[in-house]
Amino acid sequence: MAREFQRGHKAKISDLTAGRDLYVGVRIAAPGLTFDISCFGLDAHEQLSDDRYFVFFNQPKSPEESIQLLGAQAGDTESFRVTLDRVPASIHKLSFTATIDGAGQMSQIGPGYIRVVAGGEEVVRYAFDGPEFTTERAVMLGDFYLKDVWRFAAVGQGFDGGLDALLRNFGGEVAEDEPADPPQGAAPAFAPPAQASPPPAFAAPPAPQAPQPPPAFGTPEPPAPAPQPQSIHAAPTIAAPMALVAPTGAPPAPQAPMPPQAPYAPGPPPPPPFGHVPGQGAAPAPPPFGQHPPAPFGQQPPGAHGVPQGVPQAGAGLLAALQPYKETATGQRWTSQSSQLMRADLTMGDMPVLARQGSMVMYQGKVDFGYKGAGFAGRVVGNATGQEMQLMRCTGRGQVFFAEDGSHLHPVELQGDGICVSAENVLAFDESLQYEVRRIEGHGIPGGALFTMQFHGTGTVVVKTHGTPVVLPVTPTTFADCNAVVAWSSASQVIISSQVRLRRNAYPGHSGETVNLQFRGAPGNFIVVQPYEV
């Protein structure tokens, strides 16, 4: 029986099916609209580093055929075959998207879905509808992503702009292509029978029509004779700088031919999560703010030919200086904008976010902020243990940006497991997570760190640290200063190791390291320590 996913739900593929040869079907339709349904094969930084893994109507399969476009069948508007065992190691995510070809909005679509079929049996389905969107022209439907093992996520994230804007978001370049004919021939007999999963009933289904060749990017043109498939990245798009108005009474300056600008460069990837091994594809940190300043007043920045000299402009120089700091949109609920700024997308998962009061620095959309009380019992426990959190509840549809005191922020995703974090090191978390105060066994720790907060369930908790932390595996001889440890796996056993010797403390020369925490546990447990003592 197929599992019904809601937006933001995730699961291991192995929990859904033992099969690795999968069928992905997409149903999306609206009166008078046509859609381009594509699959992006992304690297570890969620970028399209190899354009051969952009599978769409003009490139129907990847080089090793691990991703194949099958066409409309079995009640699906578009379908794919995905063989996970053949996906190369450089591909960490397969993102399935739908974009409107031409004018229109995603709010106009009828009930649709993305489903996964294994062995002729539907194993998971994520359904969506037009009222979930507004003016978006594209939507990220679902992802296969590699996190130790392959997993599936129901995304349902709307995206302003069409297919070319979505392609740029993933780090690709848009070229002006001639229209190409769709792949010829019948789809292989790979899809499950139509009766295995009937499509949902539509209010006004369109009359059957002969299949039409999908248009290419930009304005459709008559198809050229015998076209050849062409890469979408053949050449960068030519973009003119901002037009300026000449001073009053001055004749307009002649316009010189426009040279091509540098291709779009995506912003830096988010910082690596806990446990990332240095040297494995980590991107360098962005340059200091303003390292590439705009041209001085009255001078032409590079590429601004045709603009009268002496007239200031906000052109390529300013845009180049600000480019490394543009907003990063990954289609995920939580996205690191930098090491010290975190973005939460409330449209993902349809659940509120609980955050430390006053930690919001900016938001977009319609978002409400309310007081989140702990209740009488919670206040008593918080006051008694020192693990009291003053929280606000963020609800609505939009994006909220969080930061606090320049601390480094780290999103930790929980999928049924747990983590222990001191309340002072918690910035925000999904309301779906359960949390409680946990007592550390021992004789007590100076400073009130005898207790900690334990989070468990499914969701994300954002942990803040002073500086870049280090993650250590738990061994029988793992000790940490109680004022420097930030978090640890909830399955770890924690005891207090005191080195206090009263007689020694009466004399000068005491080391100051009197109380430590000792961690024990099975392989796979960890602790997180920051380069700072509270």
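The analysis underlying the following values was restricted to heavy atoms, covering all of them including side chains, and did not include hydrogens, waters or symmetry mates.
For the pair D143 (side chain) and A153 (backbone), a donor-acceptor distance under 3.5 Å is absent. In this structure, R27 contributes its side chain and T77 its backbone to no donor-acceptor pair below 3.5 Å. With hydrogens and angles ignored, the 3.5 Å screen pairs a side-chain donor or acceptor of E132 with a backbone N or O of D129. A donor-acceptor contact shorter than 3.5 Å links the side chain of S79 to the backbone of G71. For the pair T17 (side chain) and G19 (backbone), a donor-acceptor distance under 3.5 Å is present. E436 contributes no side-chain N or O that, together with a main-chain N or O of M453, makes up a donor-acceptor pair within less than 3.5 Å. Although no hydrogens or angles enter the test, the distance criterion places no donor-acceptor pair under 3.5 Å between the side chain of S107 and the main chain of P131. With S49 contributing its side chain and D43 its backbone, the two residues share no donor-acceptor pair below 3.5 Å.
The two residues A11 and R3 make their nearest non-hydrogen contact at CB-NH1, 4.2 Å. Considering every non-hydrogen atom in both L341 and A403, the closest pair reads CD1-CB, 4.0 Å. A pairwise comparison of heavy atoms in F401 and Q364 identifies CE1-OE1, 4.1 Å as the closest pair. The nearest pair of heavy atoms linking M342 to P411 is CE-CD, 3.4 Å. Between S359 and A355 the shortest heavy-atom distance is OG-CB, 3.7 Å. The two residues L42 and S95 have their closest heavy-atom pair at CD1-CB, 4.4 Å.
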Apply side-chain hydrogen bond (donor to acceptor under 3.5 Å, both in side chains) to residues T83 and D21 and explain how you reach the verdict. CA-CA 4 Å; T83 309; D21 199 357; 3.2 Å; yes

Stepwise side chain to side chain contact (heavy atoms under 4.5 Å, CB included) check, V367 with T395: CA-CA 6 Å; V367 181; T395 57; over 6 Å; no

Quick one, R7 with Y126, criterion side chain to side chain contact (heavy atoms under 4.5 Å, CB included). Give me CA distance, side-chain angles, the key distance, then yes/no. CA-CA 7 Å; R7 179 187 295 176; Y126 162 53; 3.7 Å; yes

Evaluation steps, side-chain hydrogen bond (donor to acceptor under 3.5 Å, both in side chains), between E136 and T134: CA-CA 6 Å; E136 298 94 333; T134 54; 3.2 Å; yes

Might you work through the side chain to side chain contact (heavy atoms under 4.5 Å, CB included) test for V528 and F526, ending with a clear yes or no? CA-CA 7 Å; V528 182; F526 63 88; 4.0 Å; yes

Residues V139, F133; criterion side chain to side chain contact (heavy atoms under 4.5 Å, CB included); working and verdict: CA-CA 9 Å; V139 60; F133 309 102; 3.7 Å; yes

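Two residues are said to be in side-chain contact when any heavy atoms from C-beta on lie closer than 4.5 Å; Y53 and L94 fail this criterion. A heavy-atom distance below 4.5 Å is not found between the side chains of V117 and V123. Considering only heavy atoms from C-beta on, K464 comes within 4.5 Å of R356 through its side chain. Proximity of V471 to I527: side-chain heavy atoms (C-beta onward) are nowhere separated by under 4.5 Å. Residues F152 and F5 form a side-chain contact, since some pair of their non-hydrogen atoms from C-beta on lies under 4.5 Å apart. Side-chain contact check for V400 versus L346: some heavy-atom pair is nearer than 4.5 Å. Side-chain contact check for T97 versus F40: some heavy-atom pair is nearer than 4.5 Å. Put simply, the side chain of L141 does not reach to within 4.5 Å of the side chain of V155, judged on heavy atoms.
For the pair K12 and D148, the salt-bridge criterion is not met [side-chain N within less than 4.0 Å of a carboxylate O]. At a threshold of 4.0 Å, the pair E64-R86 does not count as salt-bridged, since none of the basic side-chain nitrogens sits closer than that to a carboxylate oxygen. Under 4.0 Å is where a charged nitrogen must lie from a carboxylate oxygen, and between E65 and R81 no such pair does.
Note that CG of L354 and CG of D430 are 8.5 Å apart. Values are rounded to the nearest 0.5 Å. The CG atom of D36 sits 10.5 Å away from the CG atom of N58 when rounded to the nearest 0.5 Å. D368 CG to R397 CZ: the interatomic distance, rounded to the nearest 0.5 Å, is 13.0 Å. Atom CG of D85 sits about 10.5 Å away from atom CH2 of W150, to the nearest 0.5 Å. Once rounded to the nearest 0.5 Å, the distance linking CD1 of I13 with CG of L22 reads 6.0 Å. If you take CD on Q59 and CG on D51, they are separated by 6.5 Å, rounding to the nearest 0.5 Å.
With sequence neighbours excluded, the residues forming a ring-ring contact (aromatic ring centres under 6.0 Å, His included) with F96 are F80, F144, listed by chain and number.
Neither side chain, T135 nor Q105, offers a donor N or O lying under 3.5 Å from an acceptor on the other. One side chain, D345 or T347, offers a donor N or O that lies under 3.5 Å from an acceptor on the other. Checked by atom type, the side-chain pair Y113/D76 shows a donor-acceptor distance below 3.5 Å. With no hydrogens or angles considered, a side-chain donor-acceptor pair links H410 and T465 at under 3.5 Å. Side-chain contact annotation: Q454 with T452, donor-acceptor N/O pair under 3.5 Å absent.
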Could you list the donor-acceptor pairs under 3.5 angstrom formed between side-chain atoms of residues 412-421 and any protein atom two or more places apart in sequence or on another chain?
residue, atom, partner, partner atom, Å
E413, OE1, K147, NZ, 3.2
E413, OE2, K10, NZ, 3.2
E413, OE2, Q415, NE2, 2.8
Q415, OE1, R151, NH1, 2.4
D417, OD1, Q415, N, 2.9

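Proximity of the aromatic rings of F519 and W488 is defined here by a centroid distance below 6.0 angstrom, and this criterion is met.
When each of E122, E78, E4 is checked for a salt bridge (Lys or Arg N to Asp or Glu O under 4.0 Å) with R115, only E122 meets the rule.
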